[in-house]
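Numbers here are sequence positions counted from 1.
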Amino acid sequence: MIKQSLISAAIASSLFLTGCQTTHTSTAQAKEQITPASVVATPVDFGGEQITLEQAMAHPDWLGRKPQNEFWAADSKTVVFNQKQAGSDLKDTFIVANNTAPTKVLLSKLHSVGAKNAVYSADGQFQVYTFKGNVFAKTISSGDIKQLTFSSESAFQLQFLNSGDIAYRVGNTFYTVNVRTGQSKELTKLHLSDAPKGLAAPSGFIAEEQHKLIEYVALTHKNSLDREQRTKAIKEQNTTIANSHFYLGKGKALVSVSLSPAGDKLIAVVTDKARWNAETDIMPNYVSQNGDIDPVQARRRVAQAKAVNSDVVLLDLATKAQTSLSYETLPGYDEDVLADVKKENAEAVGKTYTSEKSPRAINLIRDWGWSQSAIQWNSTGSEVAVMLEAWDNKDRWLATVDFEQQEFVSQHRLHDEAWVNYVYNDFGWLNNTNTLYYLSEESGYSHIYTKSLDGRAKQLTSGNYVVSNLTLSKDNSAIYYKANVEHPGLYEIYRVDPKTGKTETLTDLNGMTDYSLSPDETKLLLNHSKIMMPNELYVADAKPGSTATRLTNTVSDTFLNKKLIAPKIVAVPSSHTDQPVYAKVYYPADYVEGEVGKKRKAVIFNHGAGYLQNSHMGWSVYFREFMFHSLLASEGYVVMDMDYRASKGYGRDWRTAIYRQMGKPEVEDLADGVKWMAEYANVDTNAVGTYGGSYGGFMTFMALFTQPDLFQAGAALRPVTDWAYYNTGYTSNILNHPDVDPIAYRRSSPIYHAQGLKNDLLINAPMIDDNVFFQDVVRLVQRLIELEKEDFETAIYPVEPHGFVQPSSWLDEYRRIYKLFQENL
């Protein structure tokens with residue numbers, strides 16, 4: 001009864017809140033700063049049992065084990081999902097059919113449920129997927145399953161060809177199989193080597209004379225040549241033999257390859273093979289299984305990175321032609337886009353820089369949130385589009401291939417003076433057309449565009465919101481998407497008609513919502529959460545105004561019994577931009593709006609990842625921090641969690657504000673946060689602390705080093721101290737490369753500003769962190785020692801990676817943070 005009543009209360013107060021409750025701001029501020037986009041329904045507190053630090057940092061199983069990796073089964077009626085086992089890392093698979101209770105799938109039947117990345121035949125009769133590397137085909141009407149491969153080799157990259165056959169890849173070999181007969185054949189094989197040269201003729205005086213003088217030698221050579229020519233003739237004239245081989249070059253690595261649905265062409269992308277790190281890139285593990293020091297291999301640093309260039313190769317399976325496509329037809333392929341940066345850095349050391357045009361290194365784009373390929377064919381296979389990016393991060397090209405001229409045709413160039421985003425790059429073809437659809441941030445926000453090959457681009461969505469996660473309907477009547485239209489922290493599901501541009505709202509759940517369209521396109525599988533409630537699965541009809549039906553109920557009684565303080569979403573006015581800084585604020589349990597006299601102490605939490613959104617209305621990845629903040633608020637603290645500039649969800653300019661100056665705009669936003677809390681939450685500005693991990697740890701350093709009077713104490717967890725030591729993919733976007741832009745690295749790295757420390761600092765560092773290396777902390781500590789700083793302490797965690805795992809480590813870390821604030825604020 002306890003669980004049912006609490007669930008009912010939670011649903012009534014949190015899960016389905018509607019209406020317009022303004023975020024917590026003063027009346028004057030609301031008039032001047034708050035727009036309709038700042039209106040949001042906020043949840044209320046629930047539960048009666050006080051949270052403890054020990055419980056907050058315990059293994060998250062106690063919260064309930066939320067559904068994961070959900071997808072539709074082939075019948076469009078059944079939902080499949082995984083759930084972690086209690087006390088184990090293993091996951092079980094469950095199915096929910098026709099809104100019944102979830103049923104666990106037996107291990108012997110796991111192959112029968114399909115897969116998240118299953119593919120479907122054009123006529124809708126078959127679903128094809130892999131299980132443990134083998135290919136299975138399901139007849140959708142009957143549910144009958146046929147196993148098409150039975151091998152220890154793993155098949156992947158499944159697709160239906162226009163012939164109705166299934167193509168799949170094993171290693172670098174493509175096969176086809178007939179779904180009805182089960183007959184398979186090798187379509188083509190790619191070799192990362194030079195083509196064999198065949199039997200060589202005698203070369204040089206001695207060899208040539210040997211063949212003239214010795215009959216046996218000449219005869220042996222003739223017989224070998226005859227056999228070679230006969231083997232070649234059989235392969236060419238006998239259709240029962242696999243005879244499609246392509247040689248991409250010795251010393252090459254295959255980046256990506258894509259087969260045309262016509263089965264007649266391939267696009268292969270190769271680059272020079274190189275080590276992913278240097279021999280000296282190691283991360284010592286001092287607590288190994290056998291007691292020895294384990295020198296774990298680690299990634300290279302951005303300061304060691306060298307430009308990488310890829311070769312896009314067109315392979316014609318019919319003619320065996322192999323053509324490398326030049327980038328020269330791409331606009332700006334040889335521009336010196338970093339000329340101003342290079343000039344500034346040259347002048348800083350008394351040199352002169354002269355700009356010259358030169359071909360840029362170009363590669364397939366890598367989108368960090370993608371499941372699709374950067375190579376997309378149209379329905380017939382008559383056209384292909386490739387999305388490319390420059391090594392310098394300033395350009396993204398969407399290009400098609402002119403097969404007759406064998407060259408790229410640029411369809412869209414997205415240039416960004418800072419850097420092109422590594423998300424919001426979805427693209428493809430409208431079905432059975434030569435019209436592209438794609439996402440672009442060119443307007444300042446990620447929006448959907450369409451473009452025919454011989455026409456102008458057409459923008460389908462617009463406004464100060466972010467569009468992502470595109471799904472095209474089979475009849476081209478709709479592109480489904482996720483967006484934060486009503487408020488930056490509210491994500492719902494929408495669709496737009498590519499012909500008319502008419503948009504429709506499909507969900508109104510008021511939180512964080514992701515979706516998957518059913519195979520028959522009649523329903524949406526929704527993964528939805530609230531600030532106060534973890535993710536659960538829902539199903540709704542794929543049409544406006546439909547009601548979502550909840551499928552799972554995984555939240556524990558223990559969690560529902562905890563008294564947790566619901567944060568309010570506020571819009572903090574910015575001293576530096578027209579946009580406000582959105583933030584979560586946890587008010588003390590005894591706080592009364594407009595109170596006077598009693599001065600509050602406060603903490604600002606800095607989320608990690610830099611490009612991440614945390615002040616949204618969904619369940620946070622920082623769920624431990626959420627409970628810690630609730631605990632602090634119950635003890636009288638005001639806690640603020642800001643989406644500082646660089647955070648996700650607020651558009652291009654918010655993201656790129658930190659270009660070449662990481663740590664400056666963000667700390668300015670923290671200062672605005674302190675000012676806001678003093679004015680609207682009765683906070684004593686001499687009693688404010690800050691903390692965060694990863695990027696949040698970096699921000700803690702920059703705040704305490706560059707604005708030392710802003711916070712009285714700070715805790716930096718798994719922190720970046722020198723960006724030259726971080727990875728290439730993330731860092732080079734924002735700061736360019738160290739050899740090109742050392743000014744940006746010195747300006748943005750805490751180790752260069754450590755002399756500014758004057759208040760108490762706690763540094764917590766995991767030792768087997770393969771993301772932000774332990775070396776970062778070691779170097780900074782030595783710098784602080786040499787600067788003769790006294791007010792810092794370091795805690796190390798010998799067995800922890802970047803994301804802590806052991807509850808004992810979490811508890812130790814947060815006990816130290818709690819103590820820091822108790823003693824200094």
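Residues meeting the salt bridge (Lys or Arg N to Asp or Glu O under 4.0 Å) test with Arg413, sequence neighbours left out: Glu335, Asp395. For Glu536, the salt bridge (Lys or Arg N to Asp or Glu O under 4.0 Å) test picks out Arg550, with sequence neighbours left out. Remark: Lys84 pairs with Asp61 by the salt bridge (Lys or Arg N to Asp or Glu O under 4.0 Å) rule, at least two apart or across chains. Listed by chain and number, the residues in a side chain to side chain contact (heavy atoms under 4.5 Å, CB included) with Asn771 are Tyr726, Asp769, His802 (sequence neighbours excluded). Taking the ring pair (Phe, Tyr, Trp, His ring centres under 6.0 Å) definition, one finds that His616 meets it with nothing, sequence neighbours left out. By the ring pair (Phe, Tyr, Trp, His ring centres under 6.0 Å) test, Trp654 is found to be paired with Tyr650, residues two or more places apart in sequence or in another chain being considered. For Phe174, there are no ring pair (Phe, Tyr, Trp, His ring centres under 6.0 Å) partners two or more places apart in sequence or in a different chain. In this view, Ser516 satisfies the side-chain hydrogen bond (donor to acceptor under 3.5 Å, both in side chains) rule with no residue, not counting sequence neighbours. With sequence neighbours excluded, the residues satisfying salt bridge (Lys or Arg N to Asp or Glu O under 4.0 Å) with Asp514 are Lys482. A search for ring pair (Phe, Tyr, Trp, His ring centres under 6.0 Å) contacts involving Trp377 returns nothing, not counting sequence neighbours. Partners of Thr400 by side chain to side chain contact (heavy atoms under 4.5 Å, CB included), not counting sequence neighbours, listed by chain and number: Ala385, Val409, Gln411, Trp429, Leu436, Leu453.
The backbone N or O of Arg65 sits less than 3.5 Å from a side-chain atom of Gln83, completing a donor-acceptor pair. Judged by distance alone, the side chain of Arg275 and the main-chain N or O of Asn277 form a donor-acceptor pair under 3.5 Å. Although no hydrogens or angles enter the test, the distance criterion places no donor-acceptor pair under 3.5 Å between the side chain of Glu383 and the main chain of Ser379. No donor-acceptor pair closer than 3.5 Å links the side chain of Ser694 to the backbone N or O of Gly696. Side chain of Asp669 to backbone of Arg645: a donor-acceptor contact under 3.5 angstrom is found. Within the 3.5 Å criterion, the main-chain N or O of Leu430 finds no donor-acceptor partner in the side chain of Asn476. Looking only at distances, a side-chain donor or acceptor of Gln157 sits under 3.5 Å from a matching main-chain atom of Val257. For the pair His415 (side chain) and Lys394 (backbone), a donor-acceptor distance under 3.5 Å is present. Between the side chain of Thr552 and the main chain of Thr554, no donor-acceptor pair closer than 3.5 Å is present.
No side-chain donor from either of Thr577 and Gln579 sits under 3.5 Å from a side-chain acceptor of the other. For the residue pair Asn421/Glu441, the side-chain donor-acceptor check at 3.5 Å is satisfied. With hydrogens and angles left out, the side-chain atoms of Arg366 and Asn363 include no donor and acceptor closer than 3.5 Å. Under the 3.5 Å distance criterion, with hydrogens and angles disregarded, no donor-acceptor pair is assigned to the side chains of Tyr422 and Glu389. One side chain, Tyr644 or His607, offers a donor N or O that lies under 3.5 Å from an acceptor on the other. Counting only N and O atoms by type, the side chains of Asn736 and Tyr659 include a donor and acceptor under 3.5 Å apart. Between Asn378 and Asn434, the side chains place a donor N or O and an acceptor N or O closer than 3.5 Å (distance only, hydrogens not considered). A donor atom on one side chain and an acceptor atom on the other are found under 3.5 Å apart for Tyr515 and Thr471. Side chains of Gln613 and Tyr491: a donor on one and an acceptor on the other come within 3.5 Å.
At most 12 non-hydrogen atoms from other residues, nucleotides or ligands lie less than 6.0 angstrom from NZ of Lys502. Within 6.0 Å of CG on Asp89 lie no more than 12 heavy atoms contributed by other residues, nucleotides or ligands. No more than 12 heavy-atom neighbours from other residues, nucleotides or ligands sit within 6.0 angstrom of NZ on Lys306. Taking a 6.0 Å sphere around NZ of Lys451, one finds it holds more than 12 heavy atoms contributed by other residues, nucleotides or ligands.
Sequence neighbours left out, not one pair with a member in residues 610-624 passes salt bridge (Lys or Arg N to Asp or Glu O under 4.0 Å).
Here the closest heavy-atom approach between residue Val466 and residue Asn484 is recorded as N-OD1, 2.8 Å. Here the closest heavy-atom approach between residue Thr271 and residue Asn309 is recorded as OG1-O, 2.9 Å. Taking both residues in full, the closest heavy atoms of Val581 and Asp643 are given as CG1-O, 3.6 Å, listed atom of the first, atom of the second, then distance. Considering all non-hydrogen atoms of both residues, Asn614 and Asp641 come closest at ND2-OD2, 2.5 Å. Listed here is the closest heavy atom pair of Val302 and Ala724: CG1-O, 3.4 Å. Heavy-atom minimum distance, Val423 versus Asp367: CA-OD2, 3.2 Å.
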Pair Glu800, Trp810 - check side chain to side chain contact (heavy atoms under 4.5 Å, CB included), show working.
CA-CA 10 Å; Glu800 294 296 348; Trp810 279 105; over 6 Å; no

Stepwise, does the salt bridge (Lys or Arg N to Asp or Glu O under 4.0 Å) test hold for Asp281 with Arg301?
CA-CA 9 Å; Asp281 291 329; Arg301 297 150 179 82; 2.8 Å; yes

Working note: Arg360 + Asp392, criterion salt bridge (Lys or Arg N to Asp or Glu O under 4.0 Å); need CA distance, chi angles, decisive distance, verdict.
CA-CA 8 Å; Arg360 299 156 71 185; Asp392 55 45; 2.9 Å; yes

Check against ring-ring contact (aromatic ring centres under 6.0 Å, His included), Trp397 and Phe408
CA-CA 10 Å; Trp397 296 273; Phe408 281 123; 9.7 Å; no

Mind running side chain to side chain contact (heavy atoms under 4.5 Å, CB included) on Thr513 and Ile493 for me, showing each step along the way?
CA-CA 7 Å; Thr513 306; Ile493 309 307; 4.0 Å; yes

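Using bins of under 30°, 30° to 60° and over 60° for the plane-to-plane angle, the ring pair Trp370/Phe427 lands in the tilted bin.
At a threshold of 4.5 Å between non-hydrogen side-chain atoms, the residues Asn82 and Phe94 do not count as touching. Leu537 has its side chain within reach of Phe81: a pair of non-hydrogen atoms, C-beta onward, lies under 4.5 Å apart. Here the side chains of Tyr327 and Leu388 are in contact, with some heavy-atom distance below 4.5 Å.
Figure legend: cation-pi geometry between Arg299 and Phe773, with NZ or CZ positioned under 6.0 Å from the six-membered ring centre and within 45° of its axis. With a 6.0 Å cutoff to the six-membered ring centre and a 45° limit on the axis angle, Arg396 does not count as a cation-pi contact of Trp419. Geometrically, Arg718 engages Phe804 in a cation-pi contact, judged by NZ or CZ lying under 6.0 Å from the ring centre and within 45° of the ring axis.
Note that CD of Glu666 is 5.5 Å distant from CZ of Phe698, once rounded to the nearest 0.5 Å.
Among the candidates Trp723, Trp391, Tyr745, the single residue satisfying the ring pair (Phe, Tyr, Trp, His ring centres under 6.0 Å) test with His737 is Trp391.
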